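Just so you know, these numbers use all the heavy atoms, side chains as well, and skip hydrogens, waters and symmetry mates. Because the structure is predicted, anything quoted here is derived from the model rather than measured.
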Amino acid sequence: MKKLLIFLGVIIVLFGGLYVVNQQSQKAKNAEFKDNIYGVDPSKLHPETVKILKDPNYSQTILPAELDKKIANKESFFVYFYASTCVHCKATTPKLAPMEKDMGANMVMINLEEYRKGFQQYNIEFTPTLVAYKDGAPVDKMVGGVPEKDGGEGNTLEMFKKFFEKYKV
C-alpha cells in the first residue's frame, strides 16, 4: 500500500510539473502574439510575414484600420504598400526605411500580403508602391522599387528622396 501511495505521489508531481511547464509556454506564446502588429498567432500569417516580424525595417507597419483613421483625420503622410512575398519589396525596404527615418518623412507601411483587400481599397496595382497623402487624400504615388541588381529597371534612391522632399510636410 505504501508503494502505491509513493507511486501515485510521483505521478501527481509529474503531472503538476507538466501543467506548470505548459502554462509558462502558453504565457510566452501569448506575449509573442501581443508583440506582433497583427495580433494573431504567427501560424495564421504568411511564412514570409513571420520572417519580418522582428525586422526593424518593417517597424512602421500599421493595420488598415489605423491607416483609415489617419485618412479620416485628414493627416499628411506617406504610405509604403508592400507585400512580404514581393522580391522587389525585399530589395527596396532595407534602403527606403532608413532613408525615410533620416529625412523624417512620416511614413507608415501596410503589408498587402496580409490585407489583400487593400489593393482595391487603396487603389494599389503593384507592390511596392509609395503614396503621398495630403490632408487625408492621396496626391501622388511612386510605383515600383529599387532594382534588385545594378542596371535593372526600377526607381533610384534619388527618385525616392525627391518624392519625399516634394511632399514632406
Side-chain angles (χ1 to χ4, degrees), residues 26-148 153-169:
Q26 193 62 35
K27 278 184 186 177
K29 197 172 184 184
N30 288 342
E32 185 179 321
F33 299 157
K34 266 199 247 178
D35 289 346
N36 94 48
I37 183 69
Y38 304 98
V40 298
D41 185 323
S43 67
K44 294 181 179 172
L45 298 171
H46 191 283
E48 292 300 313
T49 297
V50 173
K51 288 180 185 176
I52 62 171
L53 283 176
K54 296 185 186 206
D55 185 331
N57 288 318
Y58 295 91
S59 65
Q60 294 159 272
T61 298
I62 64 171
L63 302 176
E66 293 173 74
L67 175 57
D68 294 342
K69 188 176 180 181
K70 290 175 86 54
I71 292 169
N73 290 338
K74 299 190 182 302
E75 295 179 33
S76 296
F77 56 96
F78 296 91
V79 181
Y80 176 66
F81 293 95
Y82 72 97
S84 56
T85 56
C86 168
V87 294
H88 307 292
C89 301
K90 289 178 184 181
T92 302
T93 306
K95 296 174 182 171
L96 187 64
M99 175 193 293
E100 179 277 331
K101 283 185 177 138
D102 290 343
M103 295 181 71
N106 189 22
M107 180 181 80
V108 295
M109 305 165 89
I110 297 285
N111 183 356
L112 294 179
E113 186 61 46
E114 299 302 330
Y115 300 103
R116 305 296 290 175
K117 290 187 235 174
F119 281 101
Q120 185 176 9
Q121 182 178 354
Y122 302 111
N123 195 25
I124 303 300
E125 221 174 321
F126 305 102
T127 58
T129 295
L130 180 63
V131 180
Y133 280 80
K134 183 158 177 70
D135 300 324
V139 292
D140 199 1
K141 68 170 89 170
M142 280 185 73
V143 178
V146 297
E148 295 167 54
E153 289 186 32
N155 296 308
T156 64
L157 290 177
E158 188 61 31
M159 292 166 74
F160 280 109
K161 185 176 181 180
K162 286 180 181 176
F163 189 79
F164 281 136
E165 288 171 347
K166 183 176 180 180
Y167 296 104
K168 185 177 162 187
V169 261

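In this structure, CD1 on Ile37 lies 4.5 Å from CG on Leu63, to the nearest 0.5 angstrom.
Residue Ala83 comes nearest to Cys89 through the heavy atom pair N-SG, 3.5 Å, listed as atom of the first residue, atom of the second, then distance. The nearest pair of heavy atoms linking Asn57 to Ala97 is O-CB, 3.5 Å. Val50 and Pro42 get closest at one heavy-atom pair: CG2-O, 3.3 Å. Closest non-hydrogen pair, Pro128 versus Cys86, comes out as CD-SG, 4.1 Å.
For residues 65-79, every residue pair satisfying the side-chain hydrogen bond (donor to acceptor under 3.5 Å, both in side chains) rule, not counting sequence neighbours, is listed here: Asp68-Gln121, Asp68-Tyr122, Lys70-Glu75. Sorted by first and then second residue, the side-chain hydrogen bond (donor to acceptor under 3.5 Å, both in side chains) pairs involving residues 128-142 (not counting sequence neighbours) are Asp140-Tyr167. Contacts classified as ring-ring contact (aromatic ring centres under 6.0 Å, His included) and involving residues 39-76 (residues at least two apart or in different chains) are given here: Tyr58-Tyr82. Within the structure, no pair that satisfies the side-chain hydrogen bond (donor to acceptor under 3.5 Å, both in side chains) test touches residues 154-166, not counting sequence neighbours. Applying the salt bridge (charged side-chain N to carboxylate O under 4.0 Å, His left out) rule to pairs touching residues 115-128 yields Glu113-Arg116, sequence neighbours excluded. Here ring-ring contact (aromatic ring centres under 6.0 Å, His included) pairs that include residues 83-120, with residues two or more places apart or in two chains, number zero.
Within the 4.5 Å cutoff, no side-chain heavy atoms of Asn106 are placed close to those of Lys168. With a 4.5 Å cut-off on side-chain heavy atoms, Leu53 and Leu45 count as touching. Under the 4.5 Å side-chain criterion, counting only non-hydrogen atoms from C-beta, Met109 is in contact with Thr93. Contact of the Leu130 side chain with the Val79 side chain is not registered, since no non-hydrogen atoms from C-beta on lie closer than 4.5 Å. Two residues are said to be in side-chain contact when any heavy atoms from C-beta on lie closer than 4.5 Å; Ile71 and Leu67 meet this criterion.
Lys95 is linked by a salt bridge (Lys or Arg N to Asp or Glu O under 4.0 Å) to nothing, counting only residues two or more places apart in sequence or in another chain. Taking the side chain to side chain donor-acceptor pair (under 3.5 Å) definition, one finds that Thr49 meets it with Ser84, Asn111, Glu114, sequence neighbours left out. Applying the side chain to side chain contact (heavy atoms under 4.5 Å, CB included) rule to Lys101 yields the partners Ser59, Gln60; only residues at least two apart in sequence or on another chain are considered.
None of Phe163, Phe78, Phe164, Tyr80 except one satisfies the side chain to side chain contact (heavy atoms under 4.5 Å, CB included) rule with Met142; the exception is Phe163.
For the pair Thr92 (side chain) and Val146 (backbone), a donor-acceptor distance under 3.5 Å is present.
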